[in-house]
Structures are given as structure tokens and as C-alpha cells.
S.K.: 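If you scroll down you'll find the structure; I have some questions about it.
We number each residue from 1, following the sequence as shown. Side chains are part of it too, since the values below use all heavy atoms of this structure and drop only hydrogens, waters and symmetry mates.
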Amino acid sequence: MTPPVPTIFAPARRLAIRRRMRAMQARGDEARFLLDDMVDDVVERLAFLRHVPARALLIGEWSGLLVPQLPHGCEVVSLHPEEGFDEETPFPVGGFDLIASFGTLDTVNDLPGALIHLRGALSPGGLMVASFPGAGSLPALRDAMLAADGERPAAHMHPMVDVRAGGQLMTRCGYASPVVDSRPLSVSYRSFAHLLRDLRAQGLSRALASPVPRLSRAQAALAAAKFMDGAERRTEEFEILTLSGFRK
């Protein structure tokens, strides 16, 4: 008997976070550097692999930047979790030569199941590329939150997948020629508030199912001070983890 999947993330909270992200992005002046980087990476991978898809599924690509860079005549289907698409159930469509997922798989409860569903929606020889923030992301924010919590640390941030775990997942889920890699992205901030706004605008708020107490005003001030550490600007690090593989 298959053991039940633990509920780490709250689907309703995840949905609300992504809908807020889309509403913020509709204004046209919010940060989207993570998605831009992921889209550029997919374009580079397709060129390097000389993979020319005739039918592509894009998940979470709300910017519209990738479609014009796909081969002429490529049929594109776009699906979004905030519009009801469930990555943890068998997909309603299949037969894709390319599936690219952008910043959504880091907050699913059943990541192996989602990867298996992605593979099942590929045509033989089809390529899957999934990118999302990895385990090396946001070290300065983590330090700031620990300082604010003092002797009673709380789970303000969810656990993230690292390269080793990603490689094991791809092999376990039956992908051929799996490749797992990560790349850093450094962003400079002039305040803690600007970092938090960028995270909300890119759907990176806390989606954990377990509740935590809100920071008091004093704790929030301590977190902001720790984050800036007396400097005029502070660099925060994002690690983008990318899993790719083919269907046999």
C-alpha cells in the first residue's frame, strides 16, 4: 500500500499566493527576474540540445516571453496552478515534445508524483525542463528570521530541494538522461521591505500548512536590521534549481 503523501504545503494558501503574484504582475512594474532567468535558460537548453518541439506545454509561464522564441509553428498549451491546474494529478492532455515548468514545483506536496505526471504527458523522446528556487536560496533572509525569532525559531520559510535530492528524484521517476544543475542569482537590495515585496511579486511567500505566529513589531524591526547589517545595500542570493530529462 502506498503511504499517504504528507501535507507540507496548504493548497489554498499556495493558490492565494500565486493569485496575488499575478495581480501584482498585472501592474507591470514588479520584479520578475526569476522567471526571466528561467525562460532564458530554457531557450539556451533547446538550442544546445537542438531539440525542436512541435508541441509544447508551458506551466507557470505567465510573462509570454517564451512562446515567440519557440520554433515557428510549434503548438503551445499554457497551464497555470492559479487557474486551477493541478500538477499532482494526471494531466488532462499529453503528447508533448517539450514540457517546461517555471517556479511551481517547489510548493507541491507530492513532488515525485508531479514529476511522474510530467513524464507521462511527454511523447516518446520528449524533453521536460522544470526550474524553481533551490536549497541555496535566501540565506540572508533565513539569518534575519532566525535573529528575529530568538530562542524560539519558527518555520517561516519552507524546505527547498538541493541538487543531490533533485538527481535522485529524476532517476526515481524514470527520466532518461537526467540532468540536474543549479545556478546562483544575486540581487542587491536597499531595504528589507524591498526584498519582501520582490518575494510576494514572484510568488515566494510562505505556503506551509503549519501555522506560525506573526512577527511582532519589534521582531520585524530586528529582522530588517539583521538583514541590512548596517549597510546601505545588501545582496541576497537566489539559487535556481533545474531538473531536465527525456521520456524513453
S.K.: Which residues pass the salt bridge (Lys or Arg N to Asp or Glu O under 4.0 Å) test with Arg18, sequence neighbours left out?
M.R.: Glu82
S.K.: Which pairs would a plain distance check flag for residues 154-168, meaning a side-chain donor or acceptor within less than 3.5 Å of a matching protein atom at least two apart in sequence or in another chain?
M.R.:
{"residue": "His156", "atom": "NE2", "partner": "Asp149", "partner atom": "OD1", "Å": "3.0"}
{"residue": "His156", "atom": "NE2", "partner": "Asp149", "partner atom": "OD2", "Å": "3.0"}
{"residue": "Asp162", "atom": "OD1", "partner": "Arg164", "partner atom": "N", "Å": "3.4"}
{"residue": "Asp162", "atom": "OD1", "partner": "Ala165", "partner atom": "N", "Å": "2.8"}

S.K.: Name all residues meeting the salt bridge (Lys or Arg N to Asp or Glu O under 4.0 Å) criterion together with Arg234; count only those two or more places apart in sequence or in a different chain, and write none if there are none.
M.R.: none
S.K.: Ser131 side chain to Thr242 main-chain N or O, any donor-acceptor pair under 3.5 Å?
M.R.: no
S.K.: Among residues two or more places apart or on two chains, list those pairs meeting ring pair (Phe, Tyr, Trp, His ring centres under 6.0 Å) that have a residue in residues 204-241.
M.R.: Phe33-Phe238, Phe192-Phe227
S.K.: Listing request: all side chain to side chain donor-acceptor pair (under 3.5 Å) pairs with a residue in residues 192-203, at least two apart in sequence or in separate chains.
M.R.: Glu30-Arg197, Tyr189-Asp198, Arg190-His194, Ser191-His194
S.K.: Go through the steps for Ser137 and Glu239 under the test side-chain hydrogen bond (donor to acceptor under 3.5 Å, both in side chains), then give the verdict.
M.R.: CA-CA 5 Å; Ser137 298; Glu239 179 189 57; 5.3 Å; no
S.K.: Would you say the side-chain atoms of Gln69 pair up with the backbone N or O of Leu65, donor to acceptor, closer than 3.5 Å?
M.R.: yes
S.K.: Could you note down all residue pairs passing ring pair (Phe, Tyr, Trp, His ring centres under 6.0 Å) where residues 118-152 supplies at least one of them, sequence neighbours left out?
M.R.: none
S.K.: Checking Glu88 now: which residues fulfil salt bridge (Lys or Arg N to Asp or Glu O under 4.0 Å) with it, not counting sequence neighbours?
M.R.: none
S.K.: Name the atoms and distances for all side-chain donor-acceptor pairs under 3.5 Å in residues 214-221, with sequence neighbours left out.
M.R.:
{"residue": "Ser216", "atom": "OG", "partner": "Gln219", "partner atom": "N", "Å": "3.1"}
{"residue": "Ser216", "atom": "OG", "partner": "Gln219", "partner atom": "OE1", "Å": "3.4"}
{"residue": "Gln219", "atom": "OE1", "partner": "Ser216", "partner atom": "N", "Å": "2.9"}
{"residue": "Gln219", "atom": "NE2", "partner": "Ala148", "partner atom": "O", "Å": "3.2"}

S.K.: Would you find a donor on one side and an acceptor on the other, under 3.5 Å apart, between the side chain of Arg247 and the backbone of Leu122?
M.R.: yes
S.K.: Output all residues satisfying side-chain hydrogen bond (donor to acceptor under 3.5 Å, both in side chains) with Arg55, sequence neighbours left out; order by chain, then residue number.
M.R.: Glu75
S.K.: Can you pull the side chain to side chain donor-acceptor pair (under 3.5 Å) pairs that have at least one residue in residues 114-130, sequence neighbours excluded?
M.R.: Asp97-Ser123
S.K.: Quick check: does any side chain N or O of Glu236 sit under 3.5 Å from a backbone N or O of Leu141, one acting as donor and the other as acceptor?
M.R.: yes
S.K.: Roughly how far, to the nearest 0.5 Å, is CG of Leu49 from OG of Ser244?
M.R.: 7.0 Å
S.K.: Using atom types as modelled and distance alone, determine if a side-chain donor or acceptor of Gln25 lies under 3.5 Å from a backbone N or O of Ala201.
M.R.: yes
S.K.: Not counting sequence neighbours, which residues clear side-chain hydrogen bond (donor to acceptor under 3.5 Å, both in side chains) with Arg50? List them please.
M.R.: none
S.K.: Residues in salt bridge (Lys or Arg N to Asp or Glu O under 4.0 Å) with Glu237, at least two apart?
M.R.: none
S.K.: Which heavy-atom pair separates Gly60 from Leu35 by the least distance, and what is that distance?
M.R.: O-CD1, 4.2 Å
